[in-house]
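I have placed the structure first, in the form of structure tokens, so that the comments after it can refer back to it.
Reckoned from all heavy atoms, side chains included, excluding hydrogens, waters and symmetry mates.
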Amino acid sequence: MTSIEIPGITLRAWARAWNENWKNSFIQQFRGVEENQFVLRTHARDKTGEWWINFPSVILETKRKWTPEKEQPGVVKQSKRLLENQKITSITQHGIDRILIFELENGKIILELFGDGNWALLDENDKIKAILYARKWRARTLAQGETYQFPPGPKAWDALS
């Protein structure tokens, strides 16, 4: 499949719309559907929403019926009991980065939609409880038990000239 990259400005618009539509919904399920592809399902009082996440760089709202993989990836297994039935308190973009943040009552989901892409489930203290790809750079470490740090970069859309 050809790699698609969602521009940061598009992600910003989607994050605003998703926050308006899905804030206060509950996470129902997170499942792997193919290699590097996941579906996150939420439920609100009168509707169900699903996002298809295709790493490294795509997230789309979907209505397709996905068949979960028989053997779920480790990140799904690690996340299952910590994630399901969590209330989404907001959906935002981090600055102008292609990073989407699902704030939960007891933590966060961080989707890094650049480079190789990544998924991190954080607790209320920003400690990583589950990570798709553990990695280490000079400026930050993404590994279970570490405190999540955003990558260095531009801070906000209004900071651009």
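Salt-bridge check for E61 with K47: failed, with every basic side-chain N at 4.0 Å or more from each acidic carboxylate O. Ion pairing between a basic and an acidic side chain is recognised when a charged N comes within 4.0 Å of a carboxylate O; K65 and E50 show no such pairing. Using a 4.0 Å cut-off between charged nitrogen and carboxylate oxygen, R16 and E20 do not count as a salt-bridge pair.
Atoms CZ and CD, from R135 and E146 in turn, are 15.0 Å apart once rounded to the nearest 0.5 Å. Between Q149 atom CD and I128 atom CD1 the span is 9.0 Å, to the nearest 0.5 Å. Interatomic distance, NZ of K108 versus CG of D123, reported as 9.5 Å (0.5 Å rounding). Expressed to the nearest 0.5 Å, how far CG of N36 lies from CD1 of I53 amounts to 11.5 Å. Here the NE2 atom belonging to H43 is positioned 12.5 Å from the CD1 atom belonging to I88, to the nearest 0.5 angstrom. Note that CD1 of I6 is 16.0 Å distant from CZ of R12, once rounded to the nearest 0.5 Å.
A pairwise comparison of heavy atoms in P151 and F114 identifies CG-CZ, 3.8 Å as the closest pair. Taking each heavy atom of N85 and F26 in turn, the nearest pair found is O-CD2, 3.5 Å. Between I131 and A120 the shortest heavy-atom distance is CD1-CB, 3.6 Å. A15 approaches L100 most closely through the heavy-atom pair CB-CD1, 3.7 Å. Here the shortest heavy-atom pairing between Q93 and G8 reads NE2-O, 3.1 Å. Between N106 and Q86 the shortest heavy-atom distance is N-OE1, 3.2 Å.
Under the 4.5 Å side-chain criterion, counting only non-hydrogen atoms from C-beta, K23 is not in contact with I91. Annotation: side chain of K77 is in contact with side chain of E71 (closest heavy-atom distance under 4.5 Å). For the pair N54 and L60, the minimum side-chain heavy-atom distance is 4.5 Å or more.
I27 and I101 sit in two unconnected hydrophobic clusters of ILVMFWY residues. Membership requires side-chain heavy atoms under 4.5 Å apart, directly or through other members. Under the 4.5 Å side-chain heavy-atom criterion for grouping Ile, Leu, Val, Met, Phe, Trp and Tyr, I59 is not connected to I99 through any hydrophobic cluster. A single hydrophobic cluster is not seen to contain both L82 and L122; linkage of ILVMFWY side chains at heavy-atom distances under 4.5 Å, directly or through other members, places them apart. Following chains of ILVMFWY side-chain contacts shorter than 4.5 Å, one cannot reach Y148 starting from L111, and the two form parts of different hydrophobic clusters.
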Could you please spell out the steps behind the side chain to side chain contact (heavy atoms under 4.5 Å, CB included) verdict for L83 and I109?
CA-CA 9 Å; L83 190 59; I109 298 169; 3.6 Å; yes

Set out, in order, the CA-CA distance, both residues' side-chain angles and the distance that settles side chain to side chain contact (heavy atoms under 4.5 Å, CB included) for I110 and F150, then state yes or no.
CA-CA 9 Å; I110 307 286; F150 289 102; 4.1 Å; yes

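No donor-acceptor pair under 3.5 Å is formed between the side chain of N125 and the backbone N or O of K127. Q144 places a side-chain N or O within donor-acceptor distance of the main-chain N or O of K129, the cut-off being under 3.5 Å. In this structure, the side chain of Q72 engages the main chain of G32 through a donor-acceptor pair within 3.5 Å. Using a distance-only test at 3.5 Å, with no hydrogens or angles considered, a donor-acceptor pair links the side chain of N118 to the main chain of Y133. Remark: the backbone N or O of L113 is paired with a side-chain donor or acceptor of R98 at under 3.5 angstrom. Proximity of a side-chain donor or acceptor of R31 to a complementary backbone N or O of P68 within less than 3.5 Å is not detected. T89 contributes a side-chain N or O that, together with a main-chain N or O of E103, makes up a donor-acceptor pair within less than 3.5 Å.
With W119 as the partner, the ring pair (Phe, Tyr, Trp, His ring centres under 6.0 Å) test is satisfied by one option alone out of F38, F102, F30, F55: F30.
Taking the six-membered ring for Trp, W14 and W18 have ring centres closer than 6.0 Å.
Counting non-hydrogen atoms of other residues, nucleotides and ligands closer than 6.0 Å to CD of E35 gives a total of 12 or fewer.
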